[in-house]
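Structure record follows, encoded as structure tokens.
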Amino acid sequence: MNKEVNFSENLLKWYDRNARVLPWRVPPNSNKVSNPYFIWLSEIMLQQTTVVTVQPYFDKFLSKWPTIFELALANDQDVMASWAGLGYYARARNLLKCARTVVREYDGKFPPCYNQLIKLPGIGPYTASAILSIAFSKSYAVLDGNVERVISRYYNILDPLPSSKELLQSLAQSNLSSLRPGDYNQAVMDLGATICTPRKPQCINCPVNLSCKAKELGDPAGLPKKLQKKAKPLKFGSVFIGFNEKSGYLLERRKGKGLLGGMLSWPSTDWSECSDINPPILADWIPVSGNVKHTFTHFKLELSVFKATIKKPQKPYFFVSSESFNVNDLPTVMRKAYALYLKSIK
DNA sequence: TACTCGTGGGG
DNA sequence: TCCCCAAGAGT
């Protein structure tokens, strides 16, 4: 028996006994069919996001929009508010674009074809392969962070990411089970998430430890090697929380691209290496004690917070009544500013 | 290619 | 406290 068969067979045997129970997943050997809408929605949410974080959002989206047809009819603000806190908000914008395209162009059915899937907004090589293998049983191996780690260890690949990606993709594909491509992909990812972890891999419990190259002659925990990342600069800015009893809170809708694009936000200065406390609205602004510290993917941020009673809305800004205001409609960094404001008025 | 794009948890 | 990383995609 060659090593490739060994890997795939042992992995699937392990998966049959140890597959995690997830709301979007069909258990192995259950004779149930995956719902492509569930698979797509979960895969978009799971991009760079942990299963634990995704679960409540997945449940919320399914309860509000049980099928792609309802989602396609949702309004943008509702979807963005429902995504708030999950991060990478381009995913939410593309999610809605994609749902509308699939309903309009494909009668609400995801095309079981790589070249068509990859053209849809928010669907890249990973997500296209995940949908094809899990929902349509087609032979496409996924390459995500888990697979990169498992495969680079199994073959002891010493070249650093991302240059080794092409090789890892072909190795993952060469091992794929054509009978159970979806289970194979999910099995590798489950293995990476639970056994072949970034630190302190539990090789003793690994179903393929007897043929793993890194375990045999290398350092599994040291793989995959990655190129060094650059340091995060520190940026500063100010946000302004305006309120009055009658009208509610003064907010803005951030422009549709870039950081926090499309999200509800407190009026804010730009964020840069120099601190800026010039309010975009005229009022008697009072500094709120303390500041907001927040870390984004590529920079750190410190925000000063100001409060004032605002009489009239001023152009791009608008009031949201106290009754309909929900701080959880805001991204996390803006929730932090609100928490500071609440502390200051108590 | 390399950079942009959130957030929370673990070591 | 800080760094790493998590079912990546878009530009």
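Spacing between dA7(C) and dC3(B) at atom P, rounded to whole Å, works out to 24 Å. Nucleotides dC5(C) and dG6(B) place their C1' atoms 13 Å apart, quoted to the nearest Å.
L227(A) places its CG atom 13 Å from the P atom of dC4(C), with the value rounded to the nearest Å. Rounded to whole Å, the distance from CD on Q228(A) to P on dC4(C) is 8 Å. The nearest whole Å value for the distance from the CE atom in M45(A) to the P atom in dG6(B) is 16 Å. Atom CE in M80(A) sits about 14 Å away from atom P in dC5(B), given to the nearest Å. R335(A) places its CZ atom 11 Å from the C1' atom of dG6(B), with the value rounded to the nearest Å. The NZ-P distance, from K230(A) to dT1(B), rounds to 17 Å in whole Å. The interatomic distance linking M334(A) (CE) with dT7(B) (C1') rounds to 14 Å, in whole Å. Here dC3(B) presents its C1' atom at 14 Å from NZ of K232(A), a figure rounded to the nearest Å.
Partners of Y15(A) according to the side chain to side chain donor-acceptor pair (under 3.5 Å) rule, which considers only residues two or more places apart in sequence or in another chain, are R25(A). Partners of K311(A) under the side chain to side chain donor-acceptor pair (under 3.5 Å) rule, at least two apart in sequence or in another chain, do not exist in this structure. Not counting sequence neighbours, the partners of S268(A) by the side chain to side chain donor-acceptor pair (under 3.5 Å) test are W271(A). Taking S265(A) as the reference, nothing meets the side chain to side chain donor-acceptor pair (under 3.5 Å) condition, with sequence neighbours excluded.
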Which side-chain N or O atoms in residues 337-346 of chain A pair as donor and acceptor under 3.5 Å with protein atoms at least two apart or in another chain?
from: Y338(A); atom 1: OH; to: Y249(A); atom 2: OH; distance (Å): 2.9
from: S344(A); atom 1: OG; to: K307(A); atom 2: NZ; distance (Å): 3.1
from: S344(A); atom 1: OG; to: Y341(A); atom 2: O; distance (Å): 2.7

Using atom types as modelled, flag every donor-acceptor pair under 3.5 Å from a side chain in residues 27-34 of chain A to any protein atom, sequence neighbours excluded.
from: N29(A); atom 1: ND2; to: D16(A); atom 2: OD1; distance (Å): 3.2
from: S30(A); atom 1: OG; to: P27(A); atom 2: O; distance (Å): 2.8
from: S30(A); atom 1: OG; to: K32(A); atom 2: N; distance (Å): 3.4

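Both R93(A) and S163(A) sit near DNA chain B, but only S163(A) has its closest nucleotide nearer the 5' end. Nucleotides of DNA chain B nearest to F299(A) and R199(A) differ in position, and the one nearer the 5' end is that of F299(A).
Taking CH2 of W40(A) as the start and CE of M45(A) as the end, the distance is 9.0 Å to the nearest 0.5 Å.
The distance between the ring centers of H294(A) and F296(A) falls below 6.0 angstrom.
Under 4.0 Å is where a charged nitrogen must lie from a carboxylate oxygen, and between D76(A) and R93(A) no such pair does.
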Q: If a protein heavy atom is under 4.0 Å from the base, mark B; if only from the sugar-phosphate, S; if neither, -; do that for nucleotides 6-11 of chain C going 5' to 3'.
A: BBBSS-
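Contact annotation: H298(A) side-chain N/O to dC3(B) OP1/OP2 distance is not under 4.0 Å. Between H294(A) and the phosphate of dT7(B), there is a side-chain N or O to OP1/OP2 separation shorter than 4.0 Å.
Sorted pairs that involve residues 204-228 of chain A and meet ring pair (Phe, Tyr, Trp, His ring centres under 6.0 Å), not counting sequence neighbours, are lacking altogether.
Note on V54(A): nothing from the nucleic acid sits closer than 4.0 angstrom, heavy atoms only. Backbone-only contact: K229(A) has heavy atoms under 4.0 Å from sugar-phosphate atoms and none from a base.
Of the residues in residues 260-270 of chain A, L260(A) come within less than 4.0 Å of DNA chain B through at least one heavy atom, sorted by number.
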